[in-house]
Each structure stands twice: as structure tokens, then as C-alpha cells.
K.L.:
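Can you read through this structure? Questions will come right after.
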Amino acid sequence: MRQKNDRELTQDKGARAKKPHAEFPQFLGNAKDAAARKTYYTDNANSQRTDKSSGQAKSGRPQQGKTADKPARERTAEKTDRPVRAEKAKRPVKRGKVKNPVKILFLGGIGEIGKNMTAIECGNDIIIIDAGLTFPDEELPGIDLVIPDISYLVQNKQKVRGLLITHGHEDHVGGIAYLLKDINCPVYGTKLTLALADNKLREQRINRAQLLCVKPGDKVKLGCFNVEFINVNHSIAGAVALSIDTPQGRIFHSGDFKIDLTPVAGKPIDLTRIAEIGQEGVKLLLCESTNVERPGYTMSETVVGTTLDHLFSEHANRRIIVATFASNVHRLQQIVDLAAKYRRKVALSGRSMLNVVDAATKIGELTIPEGVLIDVEKIKNFFDREIVIVSTGSQGEPMSALTRMASGDFNKVTVGPNDTIIISASPIPGNEKMIYKVINNLYRKGANVVYESLEKIHVSGHACQEELKILHSLLKPQFFIPVHGEYRHLKRHAQLAMELGMSENNILIADIGNCVELTRDNMQFGESISSGSRLVDGGSLEDRENSVVMKDRKHLSEDGIFVITACVSERSGDLLSDPIVVNRGFVMPENADYAAEIRKIVVSCASQTDILGDVDNTEFAAAIKKAVKNFIYKKTKQNPVVMANIVRI
């Protein structure tokens, strides 16, 4: 498959095109059409085969010319004894430059997990799919959130016709407030998705957003785009895929999905409508790749309910604490139902858990029997066997409720030997160390801990290989771009598509910032756009690639800091006292004390500087920094941050 530096058109390769495996569904493609035309015009001896080839060509793309011309063409071929039309079919038709190709712009969720955002542009219209975020890793100390760089969209905000949210997870809706601060556009999503989005907007005091509720089967027109919302299953209610009709053909965006034929609530994925869309013709498929490395099928959510039931029964005399994703409303419903069944009260812990339960209850996605829900501060009034605590922290987040319970820093809940902790989640890649640290701390407190490797206590919300094959087979796309995954996921998904018979020439692996141009006949990389990540630190935003603050924080975390304060006389310019030397985060060699030597260096710098003439202290401060840094490097081979503070009295 081709990658960014490959600028060739993904167009008809004629007789050289790779032949798909017979046992897999046939994909629409130019090579197939060309082969069909060649058979149609050259094989006059077998009329039955001719008819069959014509029918196959019609299913891929409308044929050029009229059926009435067929006898004349056949007679011409017989007289000249050469395949006239077959020769012409080998030469590409000159259509001229396409004025408005459809551009697919990748702003996030490509080559990474999370931060999903894709834009589709044609002429003067742009639609945005998802506005997600991701959480910082150890390379971003002090950062709260990471969101996509939307500078291209801001520059073209007059073209933006709408934001389409596929579901309510943080990696798809978490960055909506930061997008709507800069771009005023309508937002389309299902009930729960918009309820969670509304919480995000209220936190940022955005009260005038246009939130338009849709349901599966609804269609909306946004500029030159016609969008249909398709019901899919995921680990959150209200997930949808998108079928987008564009001037250059239909684009199908899978969103996050799995095929669950026995969902806890709601309807199964609408495979019937997806098959119909495939019959109508799909130009490009954008399909998620999160679980592409896993063979088989993803288990149904009902499996978790069965496991939870036997755990509630087995630990009837113990207090139960369940940590799960706050957004997994279906699992929350199962926990609430089991609590009512076993006559337990439910207490919620964690801000996001409280927000999701409140939003889901208001719109009817979550039903809690009267009297079951209590405040977490009242659990001390009940026996352990009468309580279920539902908590955040399934990923070991440092400030989450479960992490604080494990470390003994949560004053509302004290973990002890009569507690059973159920971690109903699997580690997101990169969070394994944090999760296992929490589990170890819980064991140290005497609790019994149940997690995924011990019980079937969690199922993924993403499609495994066989489910991905089903989607490909039903849609039969002409072109394919894998999305939502690290590079290894995208690569494996592209290989899976080729195993199903798709030509390597019709697949692209994109990267953040890439622009893919789609026309009726081909797909190719266009000119890249400005892209990257923006760092959210409190109320401020910074570009990750150009962040001076992050460079300073990394420097501080690696080498520490020395702060030197010197008081000088405003009249004479003399030092009024010994300089003060403070260091933080710097590892001193054993028995070494550099403070006295640094003070001598400051005194020496003062004697060599015209302090009276250095009104703004820049010369004196620069001299101190340079001399102290040189001294420390010679002694330790380390390069800490040195700050000089000059006080005039």
C-alpha cells in the first residue's frame, strides 16, 4: 500500500491489476471494470459470458455508450479481426482537472489512540467528524489535556457547516469546547452524546452552542454533503456510523463500533442498512482499527453482566467497589440492576461518574430504582453487605477516586480486608503501570481484587478481525483508509483489506496533517495542512511542537534548578549581604556543598560588573548565570536551570 511520499494516482491499472481471491466478496474497482469491458467487446463466440461480464460492469460503475450500438461494434470487431474497444479501454479517458475534489483532512486519531478529529472539505463546504482529546503522558509534566491543532479549520471557519459527533467518549467529544470557542457551527449527535457534550460546554461557560439531536436513520444536508446516521454498537449508548454522500461519491465513516447481536440495551448494529449502502455503492471507507490485531469477535456486553452476577453472589457478605469507565452507561445499568437484586445501595464516587449518571438519568438512558442511590458520605450508616460503590479510576489515573482509595488519601472511603474491588476495564495502552500500581496498593490493604486477567469482567467496545471483515464485505468500498489506531494498527488493517481482495493501489495509510483528495476515478495525497497537538494547561493553550514551557519543564525535571538571590545597594552598587543559594531537584555528590563556592562566584561577578550602570540588572544577572552554570558543569557534568534574582535596596 502507498504512503505519503507516493504521489501516484490510485486509478485503473487495466490488465495489470491484482486479481482478488475468489472466495472473498468482489470489491468495486477500475481494474474490474476494464476487464469486464474487454471481455464484453472481444469475446463474440460466447454470448452468455458477454452478458455476464456486462452485468458485472454495471454493478460497479455506469457503462459508457448505448446497448443499441453493440451489433455494429461486434461486426467491426469481426471484420478487422482485432479487439477495437479493448484497445481503447486500456487508454485512460482524459477528463481534465477536477475542479472540486473531496478532501479528507486528518487532524487527529491517525497514528495514535485518541484525539480523534477528521474534516471533509469540498469547494466551500467543510464538515468535521468528532472533536476528541487525549490525556498527557510522562513527557508532558503539568499538562491537563491534549487536543488537535485546528488552525486550518479556524482559517476556513466560514466554510464549516457542522460538527458530527459519533459518540460520547472523551476521545471523540472531549475537545468540543475548545473547538466551539473558535468556530461557531451546529453540532449533531444522539441524545446521550449531546448530553455529555453539554456538560463539557457548561464547564467552559459556552452556553449558546447549537446542539441538534439526531437518531439512527436521520439524514441531514450540510452544504454539498448529505449525511445519514447509522446505528452501531459500542461501549456507550448512542454510537453511530456516518454515511456521507459527496459530489465525488459516498464516504462511509465507521466511528467506533462492534457487532453485538445481544446488546444490554438498544438495538443491534444495523447490518441491514449497512448492506443496502454497500449495494448502492461506497467510494471510500474510513474504518476504525483499534482491535484489528485481535482475531475472532468481540464478546457481547451481556457476558460482563453474567460475571458481575456471580461475583455479587459469591461476595454477598463483603462490600463491593466497582471501578469502570463512567461513560459506559450500559455497564452502569447492569451494576444498578444487580445492586437492586441483591438489596444493596449504590454510592457514586468521582466527578465524571456523577456527571454521566446525572446526564444519562435525565434523558432516560439510565434507570435507577427509587431508594437505591445514596450519597457516598452515608455509606458508614450501612453494613458492608448492603453497599456497592461505583467509582472512577479504572485506568489508574493519579487523581481518580480508586487511586486515592488505594493510597489511603480518600477520606470518604477506607479500603479494608472486607472489600472486594472489581476493576471492570482493560488497560488503555500506556496505562498498564499505573493500573498495576493501584492493584498492588489495594492488595496491601487486604482487599480482594478482581480484574480482567482473572475474570471476564470487561469486554471491548471495538470490532475484532472477523467483525471488520464483515463490514468490509457488506460495504464493498472502492477505496479504503484505516483510521483510529497507532501505525501498527493501520498497517495491519490495510493488510486485512488486501486479504479480502482489495487492490494495494486502492489503500492509503495517512498521518496527522495529511490531505487525501478523492475524485470519481482516483484517490491521492494532496497538499498537507497545518496540524499537530495543542496542550491545555489550566486556562491556557500552547502548541506542543513549539512549547517553550514544556522544554523548561523537561529541563527542570531532568536537571533541577538553582535560584540565586543577591541584594545590592541602590547608591553604591555594593552587595549588602551574602548571596542566598537555593537548589531544587538537583542531586548533589556525596558530602558536596556548592553553596559556599557559588556565593564566592556571585561576589566575584559583582566586583567585575558596573552594577550602578546596569540599571535593569541584566548584565549582572547574565554574568551570574554563566559563571554558575560553568562551575556546576565542571563539577558534576550536569546542566541545571540557573536563575539570578537581583534586589536593589
K.L.:
Answer yes if the side chains of His169 and Ser327 hold a donor-acceptor pair under 3.5 Å, and no otherwise.
P.N.:
yes
K.L.:
Does some side-chain heavy atom of Val356 sit less than 4.5 Å from a side-chain heavy atom of Leu196?
P.N.:
yes
K.L.:
Would you check if there is a donor-acceptor pair between the side chains of Asn328 and Ser235 at a distance under 3.5 Å?
P.N.:
no
K.L.:
With a 6.0 Å cut-off on ring centres, are Phe480 and His472 close enough?
P.N.:
yes
K.L.:
Establish, from distance only, whether the side-chain atoms of Arg331 and His458 form a donor-acceptor pair under 3.5 Å.
P.N.:
yes
K.L.:
If we only count heavy atoms from C-beta on, is the Leu242 to Phe229 side-chain gap below 4.5 Å?
P.N.:
yes
K.L.:
How about Lys159 and Asp125: do any of their side-chain heavy atoms sit closer than 4.5 Å?
P.N.:
no
K.L.:
If you define the side chain from C-beta out and look only at heavy atoms, does anything of Met523 sit under 4.5 Å from Ile481?
P.N.:
yes
K.L.:
Indicate whether the side chain of Tyr188 and that of Gln210 have a donor and an acceptor atom separated by less than 3.5 Å.
P.N.:
no
K.L.:
Phe257 and side-chain contact (heavy atoms from CB on, under 4.5 Å): which partner among Thr298, Ile274, Leu468, Asn231?
P.N.:
Leu468
K.L.:
Between Asn522 (side chain only) and Leu518 (backbone N and O only), is there a donor and an acceptor less than 3.5 Å apart?
P.N.:
no
K.L.:
Just checking, is any N or O donor in the side chain of Ser151 or Asp149 under 3.5 Å from an acceptor N or O on the other one?
P.N.:
yes
K.L.:
Under 4.5 Å between any side-chain heavy atoms of Gln478 and Asn506, yes or no?
P.N.:
yes
K.L.:
Does the distance from a Lys or Arg side-chain N to an Asp or Glu carboxylate O, for Glu203 and Arg351, drop under 4.0 Å?
P.N.:
yes
K.L.:
Do Arg250 and Ile277 have side-chain heavy atoms sitting under 4.5 Å apart?
P.N.:
yes
K.L.:
We want to know whether Asp130 and Thr166 form a side-chain donor-acceptor pair, criterion being a heavy-atom distance below 3.5 angstrom.
P.N.:
yes
K.L.:
Check for me whether the distance between the ring centres of His484 and His493 falls short of 6.0 Å.
P.N.:
no
K.L.:
If we ignore angles and hydrogens, is there a donor and acceptor under 3.5 Å between the side chains of Asp256 and His172?
P.N.:
yes
K.L.:
Quick check: does any side chain N or O of Lys476 sit under 3.5 Å from a backbone N or O of Val282, one acting as donor and the other as acceptor?
P.N.:
no
K.L.:
Distance only, no hydrogens: is a donor on one side chain within 3.5 Å (strictly under) of an acceptor on the other, for Thr246 and Gln248?
P.N.:
no
K.L.:
With a 4.5 Å limit on heavy-atom distance, are the side chains of Lys283 and Phe479 in contact?
P.N.:
yes
